[in-house]
Amino acid sequence: MAPMARRPKQNCWNSGIVGWLSMRWLLLLIAVCLTSCEGDAGAPQRSGPVGNGPSAGDPVVLQPRSAAGVPTPSARLQRSDLPEVTDEMRANAADQVMGACSRCHAPLPADVLPRHAWEKVILSMAEMVGEWGQPAATAEELAIALYWYEKNAPESLEFTRHLPEVNLNFETIELTPRGLEKERIPAVSDLLRFEQEDRSARGILVSELRSRRLMLLPLGPAGSMPLIPFLPSVDFRYPASLSHEDLDGVGGPDLLIASIGGMNPGNEIQGGAWLAQSGQGRWSGKRVGEALARACDLKGQDLDGDGDVDLVACAFGFRGPGQLVWLKNQEGEYSQHQIDRRDGFVAVEVEDVDGDGDADLIALLSQHHEMVMQFTNDGSGNFTPQVLLQWPHAAWGSSGMELVDIDGDGDRDLVLVNGDTLDDNTPKPTHGVRWLERIGSTFTTLHEILRLPGCERAAVGDLDGDGDLDVVGAAFMPQVDPSTWKKWDSLVWAENLGNARKWQVRTLEVGNPVHSAVLIEDVDQDGAADIVLGNYVWLRSDNTPSVRRDYLTVWRRRR
């Protein structure tokens with residue numbers, strides 16, 4: 001659900017900021033209200049934190065069964081509800097599992113998860129109906145699948161750890177809005193470089209789910225880093241991601257905000273696309289187009305060649321109304337046109353891939369699709385889809401994507417992140433960051449950058465100042481039991497040792513996997529790049545926080 005790699009962003013102060021005291025109490029009131037009435041079944045994702053699954057320990061809700069075994073509303077499927085597995089069922093288990101699973105997706109290898117994790121995953125399949133109408137698994141199919149996967153799964157997964165970093169020196173600065181120091185239950189979903197018209201940085205914009213608003217971190221000396229409200233009067237309906245584009249052509253980028261519409265995953269269509277624009281020195285925000293199901297990414301570009309800026313949005317959905325959608329600009333009004341009807345769209349990038357002068361789309365799908373797709377534009381907004389990359393299985397956990405020239409050859413490659421643990425609560429040794437090389441109009445070779453269990457977020461930038469692009473990976477698995485966190489690295493950096501073909505990965509932090517957003521930026525303006533982390537605290541089923549953290553953590557480089 002998945003809030004990953006970030007992109008450059010926008011400028012200007014909000015002269016309409018209300019008095020700080022009133023904003024402080026507004027944020028506090030919202031935080032307290034949300035704490036008392038919502039769980040954290042969903043998490044940000046963006047580029048997506050949207051979160052892909054139920055909260056930790058939350059049993060799958062299934063309809064109760066009648067005497068004939070037909071589900072009826074509102075029971076919880078338990079292992080004891082499944083029939084006994086007979087010798088005959090065991091004899092044909094492999095074939096039956098492959099047949100049942102492949103109705104909706106490619107069957108998962110048994111070694112993707114440890115033995116103990118399969119029960120939750122298999123039971124959740126009871127309510128899964130394929131997007132093309134394929135029936136959900138029967139109780140007998142579930143029983144056979146659970147038997148087969150537990151029989152063939154490893155007891156545990158094997159991981160490697162990185163050596164600690166010793167050459168770069170950092171100090172950490174923790175930031176929380178005034179008035180919320182005691183609560184410290186942030187739900188940051190994205191960070192955006194806030195630029196002036198000359199593209200220089202003015203600050204960092206922060207989107208936050210529980211307050212449903214934006215905040216601003218101005219750039220400046222380390223001793224004076226306030227986290228202040230931005231557009232405090234606008235309720236963005238759970239802002240998941242931020243980007244920018246000059247929509248009106250008058251100079252200076254406008255803000256594009258994708259809204260998921262709620263904290264918990266579901267099929268409600270309550271999110272959408274928002275714009276924030278500055279006029280006469282004052283910022284205002286408005287929603288455009290129709291409501292969308294858990295919109296988690298929004299980009300702007302002229303898609304039909306008519307000279308104005310259209311929008312393209314990823315509506316992640318959940319187990320239903322997801323889509324990739326084009327919002328056509330018609331004199332400032334936006335009509336929606338579906339490009340792809342599948343759920344699970346996490347991120348979209350706009351690029352003239354084939355060099356024909358129009359804007360093509362590259363989209364990342366998670367859920368059970370787990371693929372990278374290109375939608376080639378004919379110049380009029382008609383798109384031809386093709387699969388660029390198919391990941392190995394449906395539990396890959398795709399969480400982010402960014403177009404960036406990481407090898408320095410003049411074209412923009414794809415940096416891809418996978419580390420979503422919200423479906424199965426399982427950090428995996430395959431989680432990490434990779435890049436798909438581009439040569440001309442073709443994406444060719446996949447290269448590995450780093451491995452990091454739970455790596456839902458990554459940022460690209462020159463961290464060590466040697467002139468090439470490095471990568472920082474941040475772990476996000478706040479729903480996992482905090483008593484186990486010490487086993488995991490939570491922040492690593494991969495040093496680019498030459499044309500992105502060779503990397504040295506070092507650990508910066510262990511045991512704090514709450515980082516829902518990450519950005520590389522010279523926050524204190526001293527000439528050295530820093531790391532900015534957005535944090536997210538998970539609420540347990542009784543609405544108490546599993547830990548407490550500050551909203552932002554700045555890893556300030558010390559020369």
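Source: prediction; values computed, not measured.
- Annotation: the span from L508 atom CG to L463 atom CG amounts to 7.5 Å, rounded to 0.5 Å.
- Under the salt bridge (Lys or Arg N to Asp or Glu O under 4.0 Å) criterion, D308 pairs with no residue, sequence neighbours left out.
- With sequence neighbours left out, the side-chain contact (heavy atoms from CB on, under 4.5 Å) criterion links Q277 to L247, D248, D254, K286.
- Without hydrogens or angle criteria, D302 side chain to G307 main chain gives a donor-acceptor distance under 3.5 Å.
- Partners of R438 by salt bridge (Lys or Arg N to Asp or Glu O under 4.0 Å), not counting sequence neighbours, listed by chain and number: E351.
- With sequence neighbours left out, the side-chain hydrogen bond (donor to acceptor under 3.5 Å, both in side chains) criterion links T426 to no other residue.
- Separating the NZ atom in K428 from the CG atom in N418 is a distance of 9.0 Å, to the nearest 0.5 Å.
- The line from CD of E245 to CD of Q301 is 5.5 Å long, rounded to the nearest 0.5 Å.
- For residues 482-501, the ring-ring contact (aromatic ring centres under 6.0 Å, His included) pairs, not counting sequence neighbours, are F159-W488.
- Side-chain contact, E181 with T176: no donor N or O sits under 3.5 Å from an acceptor N or O.
- Residue pairs that meet the ring-ring contact (aromatic ring centres under 6.0 Å, His included) test with at least one member in residues 419-439, sequence neighbours left out, are W435-H447.
- In this structure R548 satisfies the side-chain hydrogen bond (donor to acceptor under 3.5 Å, both in side chains) test with no other residue, sequence neighbours excluded.
- Using a 4.5 Å heavy-atom cutoff, the side chains of V510 and R161 are in contact.
- For the 3.5 Å distance criterion, the side chains of N167 and R506 fail to qualify, holding no donor opposite an acceptor.
- Inspection of the R184 and N535 side chains reveals no N or O donor paired with an N or O acceptor under 3.5 Å.
- Contact between G262 and Y238 at its shortest, heavy atoms only, is N-CD1, 3.3 Å.
- Here the CZ atom belonging to F345 is positioned 10.0 Å from the OG atom belonging to S366, to the nearest 0.5 angstrom.
- Taking the side chain as every heavy atom from C-beta outward, V206 and Y551 never approach each other to under 4.5 Å.
- The side-chain hydrogen bond (donor to acceptor under 3.5 Å, both in side chains) test applied to Q374 returns T376, not counting sequence neighbours.
- In this structure, the side chains of D297 and V346 stay at 4.5 Å or more apart for every pair of heavy atoms.
- Annotation: side chain of K486 is not in contact with side chain of T484 (no heavy-atom distance under 4.5 Å).
- E174 is listed as a side-chain neighbour of T553, based on a closest heavy-atom distance under 4.5 Å.
- For residues 462-475, no residue pair satisfies the side-chain hydrogen bond (donor to acceptor under 3.5 Å, both in side chains) rule, not counting sequence neighbours.
- With sequence neighbours excluded, no residue forms a salt bridge (Lys or Arg N to Asp or Glu O under 4.0 Å) with D358.
- When all heavy atoms of E208 and I185 are compared, the pair lying nearest together is OE2-O, 4.4 Å.
- Taking the six-membered ring where tryptophan is involved, the planes of W274 and F236 are perpendicular, since the angle between them exceeds 60° and thus also 30°.
- N496 is linked by a side-chain hydrogen bond (donor to acceptor under 3.5 Å, both in side chains) to nothing, counting only residues two or more places apart in sequence or in another chain.
- Counting heavy atoms from C-beta outward, R556 and V523 have side chains that stay 4.5 Å or more apart.
- With sequence neighbours excluded, no residue satisfies salt bridge (Lys or Arg N to Asp or Glu O under 4.0 Å) with E165.
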